[in-house]
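For reference, the structure discussed in these notes is given below.
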Amino acid sequence: VPIVRAAMAILSGRGDFEESITIAADGDVAAGMAVGSILGVMCESHGLPGKFRDAMNDRLESQRFLSGSARVSELARRTLDVVRRMGANP
C-alpha cells in the first residue's frame, strides 16, 4: 500500500528529504511521489534541498491535469487560499 510505504519512508528517513524519497520510491513510484508531496508541504520550498528545488525551476509540467505547465508557487498560493476559505489557519 503506497501510503503505508510513504509513512514508513518518512519515519525511516528521519527528516532527510532525499533519503525518505529514496526509501519510498524503491519499487513504488507512487509512494515516492507521496513522500515528496508530504515533505514538500512540511519543509516548504526554502526547506527543500537545492538540487530538487532548482531542478523544478518553479514549474510543474502535466499533460493530464494542467494541460501544460504551471508555477508551483502559484499552485501553492491557490491551495493556501482554499485552506483559509475552509476556516483553517495554517
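Everything quoted here is computed from the prediction, not taken from an experiment. As a basis for the values below, the full set of heavy atoms in this structure was taken, side chains included, without hydrogen atoms, waters or symmetry mates.
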Taken in chain and number order and not counting sequence neighbours, the residues that satisfy side-chain hydrogen bond (donor to acceptor under 3.5 Å, both in side chains) with Glu74 are Arg77
Sequence neighbours excluded, the answer for side-chain hydrogen bond (donor to acceptor under 3.5 Å, both in side chains) partners of Asp58 is Arg71, Ser73
In sequence, state the C-alpha distance, the side-chain angles, and the governing distance for Met33 and Ile21, and then conclude on side-chain contact (heavy atoms from CB on, under 4.5 Å).
-> CA-CA 8 Å; Met33 292 187 306; Ile21 290 175; over 6 Å; no
Group every Ile, Leu, Val, Met, Phe, Trp and Tyr by side-chain heavy-atom contacts under 4.5 Å, then state whether Val72 and Leu48 land in the same group. no
Under a side-chain separation threshold of 4.5 Å, the hydrophobic residues clustered together with Met86 are Val82
Indicate yes or no: at least one non-hydrogen side-chain atom of Ile23 is less than 4.5 angstrom from one of Met8. no
Residues Phe17 and Gly40: closest non-hydrogen pair is CE1-N, 4.0 Å
All heavy atoms of Ala34 vs all of Ala6, minimum pair found to be CB-CB, 4.1 Å
Output for pair (Met42 CE, Ser20 OG), nearest 0.5 Å, gives 9.0 Å
One should read off an interatomic distance between Arg5 CZ and Ile10 CD1, to the nearest 0.5 angstrom, of 13.0 Å
*asked:* Quick one: does any side-chain atom of Asn57 pair with a main-chain N or O of Arg59 as donor and acceptor, under 3.5 Å?
replied: no
